[in-house]
Amino acid sequence: MLDHADSNTVAELTALRDQINRFLMRYKFGVSEVETKLTILREEFNFTAGYNPIENIACRVKPLDGVLEKAARKGIPLDLDAIKDGLSDIAGVRVICSFVSDVYRIFEMLTSQDDITVLEVKDYIAHPKPNGYRSLHVILEVPVFLSSGPQQVRVEVQFRTIAMDFWASLEHKTYYKYDRQVPKHLIEGLTEAAETAAHLDATMERLHHEVRGYPEPPRSLSI
């Protein structure tokens with residue numbers, strides 16, 4: 001198509017492409033900032049306590065087609081400023097912790113940093129979804145320092161245990177396979193499995209704290 005376009009059209013399309021790339025690049029940098037903060041906390045724990053509360057950190061930035069599809073689904077105008085204000089999960093970080101107490105501990109340490117602004121918290125561990133989904137979600141803003149100056153970037157961070165992540169992965173694959181029309185018996189099985197995973201988390205946490213001589217861990221946020 002570009003081979004037959006005039007020079008003005010090519011210039012406009014090139015400018016639009018560059019604008020979109022810069023838009024998504026900010027989210028990439030925002031994810032990097034959060035990942036660096038979490039990596040520092042993990043390495044400090046290893047050094048000072050000989051214990052790693054973070055099992056894994058996974059990061060992603062939604063691809064452009066995913067951003068546009070969600071914006072259209074939510075009725076957000078296909079304008080970059082409107083998308084920036086209307087979508088909070090373009091940049092995402094998932095933090096997999098060993099135990100529930102680690103989830104809350106790392107959450108508090110990350111969000112108490114001076115340059116982090118917490119916009120929203122949803123505690124699906126203390127208050128699971130009806131299907132059994134458990135995770136701690138936080139929308140935060142982190143500054144990204146560009147050549148043009150600092151910009152605040154929204155990042156969604158999800159904290160969960162290994163058991164919660166295993167369940168969420170299975171639930172996602174099940175709903176994808178059945179195009180969200182999941183048979184009732186499978187939904188019931190997933191809900192039962194979520195309770196089993198929560199019981200496993202509680203048992204392993206109790207054993208862990210008994211072995212290490214820790215006090216009773218926190219079960220929910222103090223906020």
Side-chain angles (χ1 to χ4, degrees), residues 31-32 34-62 89 91-113 116 118 120-140 155-177 182 186-223:
V31 162
S32 296
V34 174
E35 183 181 21
T36 297
K37 290 174 178 294
L38 291 165
T39 299
I40 290 171
L41 290 175
R42 178 165 61 179
E43 293 185 6
E44 182 190 11
F45 260 96
N46 268 332
F47 180 75
T48 59
Y51 165 61
N52 179 13
I54 300 176
E55 296 285 345
N56 186 48
I57 303 170
C59 305
R60 67 104 179 97
V61 175
K62 274 186 185 295
D89 63 344
V93 177
R94 182 170 297 153
V95 186
I96 311 302
C97 296
S98 305
F99 304 102
V100 174
S101 60
D102 293 330
V103 165
Y104 292 117
R105 183 179 294 115
I106 298 300
F107 166 84
E108 296 284 0
M109 290 182 173
L110 175 66
T111 57
S112 65
Q113 296 186 19
I116 292 285
V118 176
E120 182 180 14
V121 178
K122 293 183 178 179
D123 189 351
Y124 296 117
I125 299 176
H127 307 285
K129 291 185 177 182
N131 66 349
Y133 176 84
R134 288 169 169 83
S135 188
L136 176 62
H137 292 195
V138 56
I139 305 296
L140 54 80
V155 180
E156 180 188 53
V157 185
Q158 298 179 358
F159 301 85
R160 59 179 64 155
T161 65
I162 301 169
M164 294 173 195
D165 190 58
F166 175 65
W167 182 91
S169 176
L170 176 60
E171 193 252 8
H172 175 76
K173 291 174 182 176
T174 302
Y175 272 78
Y176 181 81
K177 176 178 175 58
V182 181
L186 289 180
I187 294 176
E188 293 172 347
L190 284 168
T191 303
E192 182 180 349
E195 293 301 321
T196 301
H199 178 71
L200 176 63
D201 268 337
T203 300
M204 296 303 291
E205 175 118 46
R206 176 178 56 79
L207 293 173
H208 170 69
H209 282 259
E210 184 175 335
V211 168
R212 296 185 68 93
Y214 289 163
E216 184 67 18
R219 297 295 177 182
S220 61
L221 295 177
S222 59
I223 61 175

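Quick note: residue numbers are just sequence positions, from 1.
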Sequence neighbours excluded, which residues qualify as side-chain contact (heavy atoms from CB on, under 4.5 Å) partners of [X]?
X: Ala198; result: Arg134
X: Ala197; result: Ala163
X: Ser169; result: Lys173
X: Phe166; result: none

task: Identify the heavy atoms of Thr161 and Val100 that sit nearest to each other, and give their distance.
output: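 The answer is CG2-N, 3.6 Å.
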query: Between Ile116 and Leu110, which heavy-atom pair has the shortest distance, and what is it?
result: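 Taking Ile116 first and Leu110 second, the nearest heavy atoms are CG1-O, 3.7 Å.
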Looking at [atom1] of [X] and [atom2] of [Y], how far apart are the two atoms once the value is rounded to the nearest 0.5 Å?
X: Met204; Y: Ile162; atom1: CE; atom2: CD1; answer: 9.0 Å
X: Lys37; Y: Ile106; atom1: NZ; atom2: CD1; answer: 13.5 Å
X: Thr39; Y: Ile57; atom1: OG1; atom2: CD1; answer: 4.0 Å
X: Ile54; Y: Ile96; atom1: CD1; atom2: CD1; answer: 10.5 Å
X: Lys177; Y: His172; atom1: NZ; atom2: NE2; answer: 14.0 Å

By side-chain hydrogen bond (donor to acceptor under 3.5 Å, both in side chains) - contacts of [X] (at least two apart):
X: Glu55; answer: Ser98
X: Asn52; answer: none
X: Lys62; answer: none
X: Asn131; answer: Glu171

task: State which residues pass salt bridge (Lys or Arg N to Asp or Glu O under 4.0 Å) with Lys129; sequence neighbours excluded, sorted by chain then number.
output: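 So Lys129 forms no salt bridge (Lys or Arg N to Asp or Glu O under 4.0 Å) with any residue.
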field: Partner residues of Glu192 under the salt bridge (Lys or Arg N to Asp or Glu O under 4.0 Å) criterion, sequence neighbours left out
entry: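 Here no residue qualifies.
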query: Under the salt bridge (charged side-chain N to carboxylate O under 4.0 Å, His left out) rule, what pairs show up with a residue in residues 158-169, not counting sequence neighbours?
result: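 Non-adjacent pairs meeting salt bridge (charged side-chain N to carboxylate O under 4.0 Å, His left out): Arg160-Asp165.
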task: Start with the C-alpha distance between Val138 and Val118, add both sets of side-chain angles, then the distance that settles side chain to side chain contact (heavy atoms under 4.5 Å, CB included), and finish with yes or no.
output: CA-CA 7 Å; Val138 56; Val118 176; 3.9 Å; yes
Would you check if [X] and [Y] make a side-chain contact, meaning some heavy-atom pair closer than 4.5 Å?
X: Val157; Y: Phe107; value: no
X: Met109; Y: Arg105; value: yes
X: Val95; Y: Cys97; value: yes

- request: Output yes when a side-chain donor or acceptor of Trp167 lies under 3.5 Å from a complementary backbone atom of Thr196, and no otherwise.
  value: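 A pair under 3.5 Å: no.
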message: Strictly distance-based, threshold 3.5 Å: is any side-chain N or O of Ser135 a donor or acceptor partner for the main-chain N or O of Phe159?
response: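 Yes; judged by distance alone, with no hydrogens or angles, the pair exists.
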Derivation and outcome, side chain to side chain contact (heavy atoms under 4.5 Å, CB included), residues Met164 and Ile125: CA-CA 9 Å; Met164 294 173 195; Ile125 299 176; 3.8 Å; yes
Scan the side chains in residues 42-50 for donor-acceptor partners under 3.5 Å anywhere in the protein, sequence neighbours excluded, and list what turns up.
| from | atom 1 | to | atom 2 | distance (Å) |
| --- | --- | --- | --- | --- |
| Thr48 | OG1 | Glu44 | O | 2.9 |

- prompt: Taking NZ, NE, NH1 and NH2 as the nitrogens, is one of them in Lys122 or Glu120 under 4.0 Å from a carboxylate oxygen of the other?
  reply: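 A salt bridge links Lys122 with Glu120.
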- request: Give the intermediate values and the outcome of side chain to side chain contact (heavy atoms under 4.5 Å, CB included) for residues Val211 and Arg206.
  value: CA-CA 9 Å; Val211 168; Arg206 176 178 56 79; over 6 Å; no
field: Residue pair Leu136, Tyr104: steps toward the side chain to side chain contact (heavy atoms under 4.5 Å, CB included) verdict
entry: CA-CA 8 Å; Leu136 176 62; Tyr104 292 117; 4.1 Å; yes
task: Walk me through it: do Tyr133 and His127 pass the test ring pair (Phe, Tyr, Trp, His ring centres under 6.0 Å)?
output: CA-CA 9 Å; Tyr133 176 84; His127 307 285; over 10 Å; no
